[in-house]
A.B. asks: 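Structure in structure tokens, see below.
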Amino acid sequence: MSRGRGSASSIIVMVTLISLLCLLVMVESLSPRAKYTVGGPGGWTFNTDTWPHGKKFLPGDVLIFNYDPTTHNVVAVDHTGYNSCMTSPASAKVYSSGNDQIRVYRGMNYFICNFTGHCESGMKLAINAITR
């Protein structure tokens, strides 16, 4: 039982459309949407835990952490690390340039300073990057 000439071209059109849609989604997820300087003009410092209030973040946005690297750092942690102000080598990535640019991913993103007492003094940040 043959399908006829139209079936093959319909499949090609469908595969092409799906491929283009996948490419569009991939390109959009890789390009940054917005850049935010964490803490505003004062930069990454104490009591920045309330800085994200009222802001909407999307996956791919870039957070810019400006700070003095001799007195602070930025550590990307999981929820447990954020709540406990503790880091573990298995679940933390340390940034220490003083001008770190970190792209957020979809869902919750957690950051702390792990210098003694800094996280406990509000030098921590939780960002929820949601899709539209």
Side-chain angles (χ1 to χ4, degrees):
M1 181 174 192
S2 69
R3 293 183 170 207
R5 297 185 84 145
S7 297
S9 53
S10 294
I11 291 172
I12 291 171
V13 168
M14 193 64 120
V15 168
T16 302
L17 288 175
I18 291 172
S19 298
L20 288 173
L21 181 61
C22 289
L23 182 62
L24 178 64
V25 168
M26 198 169 77
V27 167
E28 188 168 317
S29 69
L30 294 175
S31 61
R33 301 189 193 287
K35 290 186 176 187
Y36 295 93
T37 300
V38 174
W44 173 238
T45 189
F46 299 103
N47 299 313
T48 53
D49 54 338
T50 59
W51 170 80
H53 294 177
K55 296 175 181 63
K56 293 187 184 212
F57 300 93
L58 297 172
D61 286 351
V62 174
L63 300 178
I64 301 169
F65 291 84
N66 293 318
Y67 57 94
D68 178 353
T70 63
T71 57
H72 302 299
N73 65 8
V74 178
V75 185
V77 295
D78 60 16
H79 185 257
T80 301
Y82 177 82
N83 283 337
S84 67
C85 288
M86 302 288 287
T87 59
S88 71
S91 65
K93 177 162 174 51
V94 179
Y95 299 86
S96 58
S97 74
N99 184 23
D100 306 310
Q101 296 191 22
I102 304 171
R103 188 180 308 253
V104 297
Y105 56 87
R106 184 177 52 168
M108 293 304 300
N109 297 257
Y110 299 100
F111 306 95
I112 66 172
C113 175
N114 73 349
F115 279 52
T116 303
H118 291 199
C119 177
E120 293 83 357
S121 296
M123 204 163 177
K124 60 196 263 180
L125 187 65
I127 300 290
N128 188 13
I130 57 172
T131 54
R132 296 176 208 191

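Basis for what follows: all heavy atoms, side chains included, without hydrogens, waters or symmetry-related copies.
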A.B. asks: The test is disulfide (SG to SG under 2.5 Å); show your working for C119 and C85 and say whether it passes.
C.D. replies: CA-CA 6 Å; C119 177; C85 288; 2.1 Å; yes
A.B. asks: Can V104 be reached from Y95 by stepping across I, L, V, M, F, W or Y side chains whose heavy atoms are under 4.5 Å apart?
C.D. replies: yes
A.B. asks: Can you see which heavy atom on R33 is nearest to which on L58, and at what distance?
C.D. replies: CD-CD1, 3.1 Å
A.B. asks: Supply the members, apart from F115, of the Ile/Leu/Val/Met/Phe/Trp/Tyr cluster built from side-chain contacts under 4.5 Å; use none for a lone residue.
C.D. replies: none
A.B. asks: If you round to the nearest 0.5 Å, how far is NE2 of H118 from OH of Y67?
C.D. replies: 12.5 Å
A.B. asks: Ignoring hydrogens and angles, write down the donor-acceptor pairs under 3.5 Å from the side chains of residues 37-50, residues two or more places apart or on other chains.
C.D. replies:
from : atom 1 : to  : atom 2 : distance (Å)
W44  : NE1    : N73 : O      : 2.8
T48  : OG1    : T45 : O      : 3.0

A.B. asks: If you look at every heavy atom in A92 and V77, which pair is closest and at what distance?
C.D. replies: CB-CG1, 4.1 Å
A.B. asks: Look at the rings of W51 and F57 and say which category their plane angle falls in: under 30° parallel, 30 to 60° tilted, over 60° perpendicular.
C.D. replies: tilted
A.B. asks: To the nearest 0.5 Å, what is the distance between NZ (K35) and CG (L63)?
C.D. replies: 11.5 Å
A.B. asks: Tell me whether Y82 contacts the main-chain N or O of A76 through its side chain, where contact means a donor paired with an acceptor under 3.5 Å.
C.D. replies: no
A.B. asks: Rounded to the nearest 0.5 Å, what separates atom CG in D100 from atom NZ in K93?
C.D. replies: 9.0 Å
A.B. asks: How long is the span from the CD1 atom in I112 to the CG atom in L125, to the nearest 0.5 Å?
C.D. replies: 11.5 Å
A.B. asks: Give me the one residue out of N109, V74, V62 that meets side-chain contact (heavy atoms from CB on, under 4.5 Å) with I102.
C.D. replies: V74
A.B. asks: Would you confirm whether Y105, through its side chain, and M108, through its main-chain N or O, come within 3.5 Å as a donor-acceptor pair?
C.D. replies: yes
A.B. asks: If you group Ile, Leu, Val, Met, Phe, Trp and Tyr by side-chain heavy-atom gaps below 4.5 Å, do Y110 and Y36 land in one group?
C.D. replies: no
A.B. asks: To the nearest 0.5 Å, what is the distance between OG on S96 and CZ on F65?
C.D. replies: 13.5 Å
A.B. asks: Testing the basics here: between A126 and P52, what is the closest heavy-atom pair and its distance to 0.1 Å?
C.D. replies: O-CG, 3.8 Å
A.B. asks: Nearest heavy-atom pair of S97 and P69: which atoms, and what distance?
C.D. replies: O-CG, 4.0 Å
